[in-house]
Amino acid sequence: MIEKSYNPKEVEEKLYNFWIENGYFRAESRSEKPPYCIVIPPPNITGSLHIGHALDATVQDILIRWKRMSGFNALWLPGTDHAGIATQNVVEKELKRQGLDRGKLGRDGFIKKVWEWKEEYGGKIIYQLKRLGASCDWGRERFTLDEGLSMAVREVFVRLYEEGLIYRGDYIINWCPRCHTAISDLEVEHEEHRGKLYYLKYPFKDGRGYVIVATTRPETMLGDTAVAVNPDDNRYKNIVGKIVRLPILNREIPVIADELIDPSFGTGAVKVTPAHDPNDFEIARRHGLSFIKIMTGDGRMSEEAGHYKGQDRFKCRENVIKDLKKLGLLSDIKDHIISLGQCYRCNTVVEPYLSKQWFVKTKPLAEDAIRAVMDGRINIIPSGWRNSYFDWMENIKDWCISRQIWWGHRIPVWYCQKMQNAKCKMQNGVIVSRDAPTACPYCDAEAAALKQDEDVLDTWFSSALWPFSTLGWPDKTQDLKTFYPTNVLVTGFDILFFWVARMVMIGLKFTGEIPFKDVYIHALIRDALGQKMSKSKGNVVDPIEMIETYGADAFRFTLTAFAAQGRDVKFAVDKVEGYRHFINKIWNAARFILINITEEDEIKPVKEISCLSLADRWILSRLSGVISDVNKSLEEYRFNDSANILYQFIWHEFCDWYLEMAKSSLYGDDKKTRHAAINTLLHTLEMSLSLLHPFMPYITEKLWQSLPAPRRAVSKSLCIHPYPRAEDSIKDENAEGKMNTIMDAITGIRTIRGELNLSPSIELKAMIKTTNGTKDILNENIVYISKLARVKGIEIGEDIKKPDDAAIAVKPTMEIFVPLKGFFDADAEIKRLEKEILKIEESASFIRKKLANREFIGKAPKTVVEENNTKYEEFIEKIQKIQENIEKLKQWRK
RNA sequence: GGGCGGAUAGCUCAGUUGGGAGAGCGCGGCCCUUACAAGGCUGAGGUCACAGGUUCAAUCCCUGUUCCGCCUACCA
């Protein structure tokens, strides 16, 4: 009826389809239930699911399933990102293979190709999310280039422009010569490299000497239009205003003074290349210097570079150095660590490059975004990330949003080519519009005379609107009303600035509300050695392979169990294997329970059962604690805690202790006892499955479906079944206390068996000397002791005499004797006991010192002193009892 | 340059208001006990990086040091 082990492959797909067909993941636009909403961080259409996505999605699915079961109108809104540069790169590579390039296809032809590519491969990651068990509302899936979202993008652009928060201008931006586009500051990755610092001699025009400048990029000297020194630098005061002759090109350039120059660096004199360095650009603006672009967009030298024209920038560097050396103008070369900016998409060294781009003025937006986190409307978890957030926001710089690529949201700006009146000329013919204009609004020029801006927007511009554009904004939709602001955003810290910060800024600006209440930032997953996973290192773990091998549940549970807040996860495959064992344990526990139920068993809620055994009451009490702990840890985003609490409870308390104890009730003659045990087993199993469902949806659903019908009367599927709440079970301190005594007795006997290497096949007896109060507890539950400790015949009493040839174990209120006729070794036993005393004495002496300290007695809280007293007395009593027994043994040995 | 995080059992890591440390894996021993050998029972193993300070009491709070990781920056 139920197989011996769990086979995820047979189950997962069927169950997922079952959920989908029944629409369990669909959220209601209008509902009586309170809303709970998460928008997915949209993965790139180019990507396939990597382990980071898997963790991200698992966490979101846990939250959504938990809330859904807890009675919320839960919406997990899925979708994908068009990923401008990345996708364009991928498709271009593909075209190259076919002997095509985008130039040949033209803009429209190329975009058509990308859409074709997207249709074919873009859904891969969605399919993979489904394999993981993600309970997204797929009917609401969005793509950043959807018509609705595109409309939102244009709306935001136009309004920002109209408010003066978007502007266009010539500035130094980061240029990737390979991607052939501008990228934002964030898209540049800095890495330290061993480089050189070159000292160049710039001779004075008057022939009297020279000034030495230091640079890491000597080739840029071709674009120098000044030499700068600090105005307070006494070494150079006399040369400010003089003219130097730029080597090689022989251009005459001035020596100027500017505060920005740090006299302590290099020689204190700096070459100024306004078109190729952001600092120099600022200096040039202050001093009215000219801007000379010595490079083209593909990283080669331009017309302005004289005879170096056409050379690659790095080749040119070598040549310039060679030539300067020949001219005797190379003063020195020193080793120097330089921080090299590289394109985060293709690793090409980025070039600071003067060009006309669109920018968002971010300062005014950042102020509100800072306030929202400062005053707690947005809660970042773990809170350590608040500082990074503030730091970035407070030092924010304008955001370059135009990209010189084709795949993306085309900038909604048109330029009138005619400019046939003064009004049009005053506007420079710039038309910013939500829709393609049919005529020039200024001079009535016809549509054909209007040329749209060639550039597209940074992909992150559209992602910034994701939490509300996906819900229908700018329309005032019911979804928006119901689900916005969303509840939590789950993501990795690597896109805190890229995405989270910008969503906050744009969300506040356009909806007047925060986009989400909580930001949960999870760990980054690394390989077993702690290195970042990357394709080039070949250390990536494929989630689908994990799912194939171990099942989605084991994989998900592993990610969850290791994802402690604020710490990276070192991922190793054998960890998944460990949790697969847990899955199997659950399976077999359920299997045991199910095969023990017969037709005659009456299934009833545990609350209606009167004669629960001690073990029954104990496990129900423990369950009650677990239910509240799990809910609490989920509330606080401590997923690893939730996972570990459940693991510990199910394996060690439910399976190791309760199941074993329940066996005696199941196989015994008393019908009432059996009835109570069966129903306690079922109840605890069902509650455990429910608690576990958000973490491991498949096996829990599968097993839940196999429960006897009365247990499933409320719902058709576990995923919409009520999540356990603390009041579902009864806390019973009394039962827990008594069980501890029983467990102590059992463990005491087991330890003797274990330490003396006695095979379970050796039949043992036990005698327990105890107090009056404990005597009854033990007697009432004597079956558990004999069964679990494997002893035949137990004597319990206040005045039990220890047999001479018995091993002993001392527990609070109990002395346990295990007679070992025949194979008793008194010397070994004495040794064992002496070791035991040593161990206890060690702990006791610590407390003794503490209790001897008057300050401790006087200043520590009464409860702490009390606790220590009790503990100490226990230790001493134990030591005494063991000592007495040692004496007896020594006596006997003689 | 600025900032953040980590250092706890052989390995990977928990440890939430400071009261003398836990888990998983691994390791030793005994077991195929009829849900599970992907299992059961049991055991060994730790001056909680180092040095100071606060406190009756510090793995936990403060300061400094060393090593490792990360983020950030207009270090020409």
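These numbers come from the heavy atoms of this one structure, side chains and all, not from hydrogens, waters or symmetry mates. Proteins come first, then strands; the chains are lettered A, B, ... in the order of their sequence lines, and each starts at number 1.
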Tell me whether the OP1 or OP2 atom of B:rA35 has a side-chain N or O from A:K4 closer than 4.0 Å. no

Under 4.0 Å: is that the gap between some side-chain N or O of A:K570 and OP1 or OP2 of B:rC13? yes

Give one of base, sugar-phosphate or nothing for [X], where a contact means two heavy atoms less than 4.0 Å apart.
X: A:I261; answer: base
X: A:Y667; answer: sugar-phosphate
X: A:D641; answer: base
X: A:E282; answer: nothing

Contact list for RNA chain B against residues 214-221 of chain A - heavy-atom distance below 4.0 Å: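 RNA chain B contact set from residues 214-221 of chain A: A:A214, A:T215, A:T216.
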
Could you label the plane-to-plane angle of the A:W651 and A:F582 rings as parallel, tilted or perpendicular, counting under 30° as parallel and over 60° as perpendicular?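 Taking A:F582 first and then A:W651, their aromatic rings lie parallel (interplane angle under 30°).
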
Check the angle between the aromatic planes of A:F571 and A:F555 and answer parallel, tilted or perpendicular using the 30° and 60° thresholds.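 Plane angle over 60°, so perpendicular.
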
Nucleotide-resolved protein contact map, nucleotides 38-45 of chain B, B/S/- at heavy-atom distance under 4.0 Å: BSSSSSS-

So which one's nearest nucleotide on RNA chain B is more toward 5', A:S843 or A:N640?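 It is A:N640 whose nearest nucleotide is closer to the 5' end.
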
Does B:rC67 have a Watson-Crick or wobble partner in any strand here, with both distances under 3.5 angstrom, and which is it?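 B:rG6 is the nucleotide pairing with B:rC67.
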
Which nucleotide, B:rC56, B:rA35, B:rG19, lies nearest any side-chain atom of A:N588?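 Comparing B:rC56, B:rA35, B:rG19 against the side chain of A:N588, the answer is B:rA35.
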
Which listed nucleotide (B:rC30, B:rA23, B:rA35) is nearest to the side chain of A:K663? B:rA35

Whole Å only: how far is the NE2 atom of A:H190 from the P atom of B:rU72?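 A:H190 atom NE2 is separated from B:rU72 atom P by 8 Å.
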
For A:Y171 and A:D398, test the side chains for any donor-to-acceptor distance below 3.5 angstrom and give the result as yes or no.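 Checked: A:Y171/A:D398 side chains show no N/O donor-acceptor pair below 3.5 Å.
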
